[in-house]
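See below for the structure under consideration.
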Amino acid sequence: MADRFFPNEIPPEASPTPQEDSLSKLLSLPYTTLSDKLKTSALHLKQTIVNETWGSSGKRVKDYTLYTGALGTAYLLFKAYQITNSESDLKLCSDIVKACDSASKDSGRHVTFICGRAGVCALGAVVAKHAGDEKLLKYYITQFKEIKLNSYLPNELLYGRVGFLWACSFLNKHIGKDTISTTCMRAVVDEIIKAGRRLASKGRCPLMYEWHGKKYWGAAHGLAGIMHVLMDMELKPGEMEDVKNTLRYMIKNRFCSGNYPSSEGSESDRLVHWCHGAPGVTLTLVKAAQVFGDTEFVQAAVDAGEIVWQRGLLKRVGICHGISGNTYIFLALCRLTGNVEYLYRAKAFACFLFDRAQKLISEGKMHGGDRPYSLFEGIGGMAYLFLDMIESSTARFPAYEL
């Protein structure tokens, strides 16, 4: 198990007398100074990522997805634009989204924000709004509304119904309420609730789902991700209770370590990723604490966050299953609890990446991702995190927290 993460030897809280090593020196810097360093690094990384994923491809898109493809580069550029107000970043972002639009038109069965056409149309619409291009905005919204969900779709986040619903919420937040109607979203919610109750009918959990024959619990393919998105929907009282009690079931059946199984019945306490394990579940429990106002969810989120601190310095760099993604857990806990200790922990993970990631990757001691410049697997996620750390109170896990 320990081969999956670096031992966390960082002091659990800020020390008044920092050590002489480079990581401790970074952590002792005033936040504005550290933010400037992270910003400079992020913008440098952004340019490298653009060159590798867009410039070197001859501006042709093979993988259009946010997860590992060109849309992830566009999403990073949009984040950079929000920080710097660079019109060239916004223009390049729009150009890449247009290429992704062309590449995704025949991908009818891929309908989600992270891995499907919904992400292309939703991001395209938001970028068009910022650019003041009403014609392009109307085009992307029209294209989004033409996406069809077939009856064979799974219900999970990366490829399923809740991944489409998240894109609807993204549009409604950034374009305007009811851009995608409640009626449209309600029809999808009905299918998700119906499927969850049907599979759970003989079990102790109110809602249960399968993906590729497994009853996953995590954010990417399972209960945590599905409950996370459902909490943003207008649910009936009985449905809200089912969501709440599904989360209670997960808390009750977590490992004695405090980590969460990757799937129903699994006894392998190994994964501490956003996609599987405590990190993704923590973000969902933070949301539950805010939605239900229940202290049991606050405590469960805090407990899960401890696992991320202990075992979350993963030997991977990315957002999905790496240190970049795990850093967001502390930012979310800081917002929930108001405890600045969590901001220190987020700084600690971010500084670890800033100080050591490139060297560890070059030495083969850290996995840079199968797609090393991508948003969810590679250094694209690290660059995005560094930009988010500039205004940490507004930081949100990309394509998961709204």
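Numbers here are sequence positions counted from 1. Note that the structure is a prediction, hence the values are computed from the model and not measured.
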- Message: Once rounded to the nearest 0.5 Å, what's the spacing between atom CD1 of I141 and atom CG of L137?
- Response: 4.0 Å
- Side chain N259, main chain L271, donor-acceptor under 3.5 Å: yes
- Message: Please check: side-chain N/O of R186 versus main-chain N/O of S181, any donor-acceptor pairing under 3.5 Å?
- Response: no
- Item | Shortest non-hydrogen separation from K25 to S28 and the atoms involved | O-OG, 2.8 Å
- Check the pair R270 / S262 against side-chain contact (heavy atoms from CB on, under 4.5 Å), numbers first and verdict last. CA-CA 9 Å; R270 300 179 70 208; S262 59; over 6 Å; no
- Would a distance-only check, ignoring hydrogens and angles, find a side-chain to backbone donor-acceptor pair under 3.5 Å from T182 to D178? no
- So, do E363 and K359 sit near enough that their side-chain heavy atoms are less than 4.5 Å apart? yes
- Over 60° means perpendicular and under 30° means parallel, so classify the ring planes of Y400 and W274, tilted if in between. perpendicular
- Gap between atom NZ of K315 and atom CZ of R4 - 0.5 Å precision: 11.0 Å
- Query: Going through the distances and angles, do H221 and Y209 end up as a ring-ring contact (aromatic ring centres under 6.0 Å, His included)?
  - Reply: CA-CA 9 Å; H221 302 299; Y209 300 90; over 10 Å; no
- Message: Using the rule given for salt bridge (charged side-chain N to carboxylate O under 4.0 Å, His left out), can you reason through D303 versus R254, listing the C-alpha separation, both sets of side-chain angles and the distance that settles it, and then say yes or no?
- Response: CA-CA 11 Å; D303 292 344; R254 63 192 163 182; 3.8 Å; yes
- Message: Using a 3.5 Å distance criterion without hydrogens, assess whether the side chain of S35 forms a donor-acceptor pair with backbone atoms of Y31.
- Response: yes
- Are any side-chain N or O atoms of K214 and backbone N or O atoms of S263, one a donor and one an acceptor, separated by less than 3.5 Å? no
- Task: In sequence, state the C-alpha distance, the side-chain angles, and the governing distance for T65 and H110, and then conclude on side-chain contact (heavy atoms from CB on, under 4.5 Å).
- Result: CA-CA 10 Å; T65 68; H110 299 299; over 6 Å; no
- Task: Could you pull out the closest heavy-atom pair between A103 and V61, with the gap in Å?
- Result: CB-CG1, 3.8 Å
- Quick one: do the S88 and S86 side chains pair a donor with an acceptor below 3.5 Å? yes
- Do you know the tightest heavy-atom contact between R248 and F297? CG-CZ, 4.1 Å
- Message: Testing the basics here: between V317 and M382, what is the closest heavy-atom pair and its distance to 0.1 Å?
- Response: CG2-SD, 3.9 Å
- Query: So how far is it from Q82 CD to C93 SG, rounded to the nearest 0.5 Å?
  - Reply: 9.5 Å
- Between CD1 on residue I114 and CG on residue L158, distance to nearest 0.5 Å: 5.0 Å
- Task: Would you give the length of the straight line joining atom SG of C275 to atom CD1 of I319, rounded to the nearest 0.5 angstrom?
- Result: 11.5 Å
- Message: The test is ring-ring contact (aromatic ring centres under 6.0 Å, His included); show your working for F144 and F164 and say whether it passes.
- Response: CA-CA 10 Å; F144 187 95; F164 174 78; 5.3 Å; yes
- So F170 and Y75, would you call those rings parallel, tilted or perpendicular, with 30° and 60° as cut-offs? tilted
- Message: Do L157 and T112 make a side-chain contact, defined as non-hydrogen atoms from C-beta onward lying under 4.5 Å apart?
- Response: no
Side-chain atoms of residues 367-379: list all donor-acceptor pairs with protein atoms under 3.5 Å, sequence neighbours left out, distances to 0.1 Å.
from : atom 1 : to   : atom 2 : distance (Å)
H367 : ND1    : G369 : N      : 2.7
R371 : NH1    : E377 : OE2    : 3.3
S374 : OG     : R371 : O      : 2.7
S374 : OG     : E377 : N      : 3.3
S374 : OG     : G378 : N      : 3.3
E377 : OE1    : D370 : N      : 3.4
E377 : OE1    : R371 : N      : 3.1

- Nearest atoms (heavy-atom pairs only) where G312 meets V272: CA-CG1, 4.4 Å
- Determine, step by step, whether C320 and Y67 satisfy the side-chain contact (heavy atoms from CB on, under 4.5 Å) criterion, reporting the C-alpha distance in whole Å, the side-chain angles of both residues, the deciding distance to 0.1 Å, and the verdict. CA-CA 9 Å; C320 182; Y67 190 88; 3.1 Å; yes
- Task: Among L285, V281, D242, L207, find the one that has a side chain to side chain contact (heavy atoms under 4.5 Å, CB included) with M227.
- Result: L207
- Task: Examine distances only and state if a side-chain atom of D101 and a backbone atom of V120 form a donor-acceptor pair shorter than 3.5 Å.
- Result: no
- Side chains of K365 and R356: closer than 4.5 Å at any heavy-atom pair? no
- Query: So do V286 and L333 actually touch side chain to side chain, heavy atoms under 4.5 Å?
  - Reply: yes
- Message: For a 4.5 angstrom cut-off between non-hydrogen side-chain atoms, does W309 reach E341?
- Response: no
- Item | Over 12 non-hydrogen atoms of neighbours within 6.0 angstrom of CD in E391 | no
- Note on the structure: So CZ of F78 and CD1 of I83: to nearest 0.5 Å the spacing works out to 11.0 Å
- Query: Hey, mind stepping through L165 and M185 against side-chain contact (heavy atoms from CB on, under 4.5 Å) and telling me if it holds?
  - Reply: CA-CA 7 Å; L165 283 180; M185 295 165 73; 4.0 Å; yes
- Message: Taking K46 first and then D89, would you say they form a salt bridge - that is, a charged N and a carboxylate O separated by under 4.0 Å?
- Response: yes
- Item | Counterpart residues, side chain to side chain contact (heavy atoms under 4.5 Å, CB included), relative to A346 (two or more places apart) | T327, F330, L331, M389
- Task: Show the numbers, then the answer: is there a salt bridge (charged side-chain N to carboxylate O under 4.0 Å, His left out) between E306 and R345?
- Result: CA-CA 10 Å; E306 285 303 307; R345 291 185 173 193; 2.9 Å; yes
- Item | Close side-chain approach of L153 and Y159, heavy atoms under 4.5 Å | no
Identify each donor-acceptor pair in which a side-chain atom of residues 229-236 lies under 3.5 Å from a protein atom, sequence neighbours left out, and give them as a table.
from : atom 1 : to   : atom 2 : distance (Å)
D232 : OD1    : K287 : NZ     : 3.4
D232 : OD2    : K287 : NZ     : 3.0

- Using a 4.5 Å cut-off on heavy atoms from C-beta on, say whether the side chain of V291 contacts that of V243. no
- Message: Donor-acceptor pair, distance only, cut-off 3.5 Å: does the side chain of N8 make one with the backbone of Q310?
- Response: no
- Query: Should C351 and L34 count as side-chain neighbours, where that means a heavy-atom distance under 4.5 Å?
  - Reply: yes
- Message: Which heavy atom of M250 sits nearest to which heavy atom of Y260, and what is that distance?
- Response: O-CE2, 3.4 Å
- Task: Would you check if the side chain of Q299 reaches a backbone N or O of T295 as a donor-acceptor pair within less than 3.5 Å?
- Result: no
